[in-house]
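Predicted model only: the values in this text are computed from it and were never measured.
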Amino acid sequence: MSQSEKTHEPTMQAEPQQEHLWLQQLVGDWTYEAEALMEPGSTPERCTGSETVRSVGGLWILAEGTGGMPGGGEATMVLTLGYDPQKQRYVGTWVGSMMTHLWVYDGGLDADGKTLTLSSEGPDCSVEGKMTAFRDVIELKSRDERTLTSYMLAGDGTWLRVMTARYRRIA
């Protein structure tokens, strides 16, 4: 086959785009303080922990966290986030040592360029065996401060805040 007859083969070398660069702001070592509402109307339970976020080729971030759980005990969590140019959406996953559910994310960056909203589906905390919609909102407050707020879609169609974590960069 001559050079002119060869078909163009896709490259396996992706170049980071602006959306990938946004994620790189999360790279570093962080501590967090969180408060979780175990059920609507309950008193928030507090916990603390740490997280290390590293870049994977400038295209993805991998965040590994450890910390206390509301009600006691320790947990390990792993988050992956990237941007899929074909879908024009942020994508990712989250797993934690406290549950068997794999959270799969799909989301977008708000117009302010500081807030990433990720949608997922997961176990409804109030009804055994039922799944419901969730959204996690990552907001960059400054270079060294960010928040993560998780919401669950309740049976009445309202979004309930179930957890807020405040992160501070330590390195």
Side-chain angles (χ1 to χ4, degrees), residues 14 16-38 40 44 47 49-67 69-70 75-127 130-155 157-169:
Q17 298 180 7
Q18 178 181 344
E19 293 84 359
H20 299 110
L21 298 176
W22 188 91
L23 291 169
Q24 302 308 304
Q25 299 175 88
L26 302 175
V27 172
D29 293 326
W30 302 81
T31 60
Y32 68 84
E33 296 176 359
E35 60 180 41
L37 296 170
M38 300 315 287
C47 55
S50 62
E51 181 180 71
T52 296
V53 183
R54 63 184 173 95
S55 177
V56 179
L59 300 172
W60 298 88
I61 59 109
L62 174 67
E64 297 176 87
T66 58
M69 289 290 302
T76 301
M77 294 82 51
V78 177
L79 166 74
T80 63
L81 284 177
Y83 181 77
D84 184 332
Q86 290 184 332
K87 292 181 180 179
Q88 296 186 355
R89 304 287 291 167
Y90 285 88
V91 295
T93 60
W94 186 91
V95 294
S97 63
M98 74 297 287
M99 64 178 62
T100 59
H101 182 73
L102 170 67
W103 298 80
V104 178
Y105 285 128
D106 175 81
L109 194 59
D110 290 359
D112 68 6
K114 295 179 181 181
T115 307
L116 177 61
T117 301
L118 301 164
S119 298
S120 190
E121 183 179 69
D124 184 325
C125 304
S126 59
V127 181
K130 181 182 176 203
M131 300 294 278
T132 191
F134 282 80
R135 70 176 179 218
D136 285 353
V137 180
I138 299 170
E139 184 179 357
L140 300 178
K141 301 289 191 176
S142 71
R143 180 189 181 288
D144 296 326
E145 186 179 354
R146 63 185 164 97
T147 59
L148 168 65
T149 306
S150 295
Y151 299 90
M152 180 182 82
L153 185 62
T158 60
W159 286 98
L160 299 174
R161 180 178 62 86
V162 293
M163 192 270 306
T164 300
R166 290 167 192 80
Y167 291 79
R168 292 199 180 359
R169 185 186 304 274

**Study point:** Other residues, nucleotides, ligands: >12 heavy atoms within 6.0 Å of Glu145 CD
**Key:** yes
Check your understanding: Roughly how far, to the nearest 0.5 Å, is CG of Asp136 from OG1 of Thr117?
Key -> 9.5 Å
**Study point:** Exercise: do Ser119 and Asp106 side chains pair donor with acceptor under 3.5 Å
**Key:** no
Exercise for review: Measure up the Tyr32 and Tyr167 rings against each other and bin them: parallel (under 30°), tilted (30 to 60°), perpendicular (over 60°).
Suggested key: tilted
Review point. Are side-chain heavy atoms of Ile61 and Gln24 found at a separation under 4.5 Å?
Key: yes
**Study point:** Distance, nearest 0.5 Å, that separates CZ of Phe134 from CE of Met152
**Key:** 5.5 Å
**Study point:** Nearest-0.5 Å distance that lies between atom CG in Leu109 and atom NZ in Lys114
**Key:** 11.5 Å
Exercise for review: Return yes when atom NZ of Lys87 has more than 12 non-hydrogen atoms of other residues, nucleotides or ligands closer than 6.0 Å, and no otherwise.
Suggested key: no
Practice item. Verify whether the ring centers belonging to Tyr83 and Trp22 lie closer than 6.0 Å. Key: no
**Study point:** Check: Ser50 side chain, Trp30 main-chain N or O, donor-acceptor pair, under 3.5 Å
**Key:** no
Review point. Sub-3.5 Å donor-acceptor pair from the side chain of Thr115 to the main-chain atoms of Asp110, do we have one?
Key: no
Exercise for review: Starting at CG of Asp29, measure out to OG1 of Thr52 and round the result to the nearest 0.5 Å.
Suggested key: 4.0 Å
Check your understanding: Taking C-beta and beyond as the side chain, do Arg54 and Glu64 meet within less than 4.5 Å on heavy atoms?
Key -> yes
Review point. Hey, does Glu51 have a side-chain heavy atom less than 4.5 Å from the side chain of Val53?
Key: yes
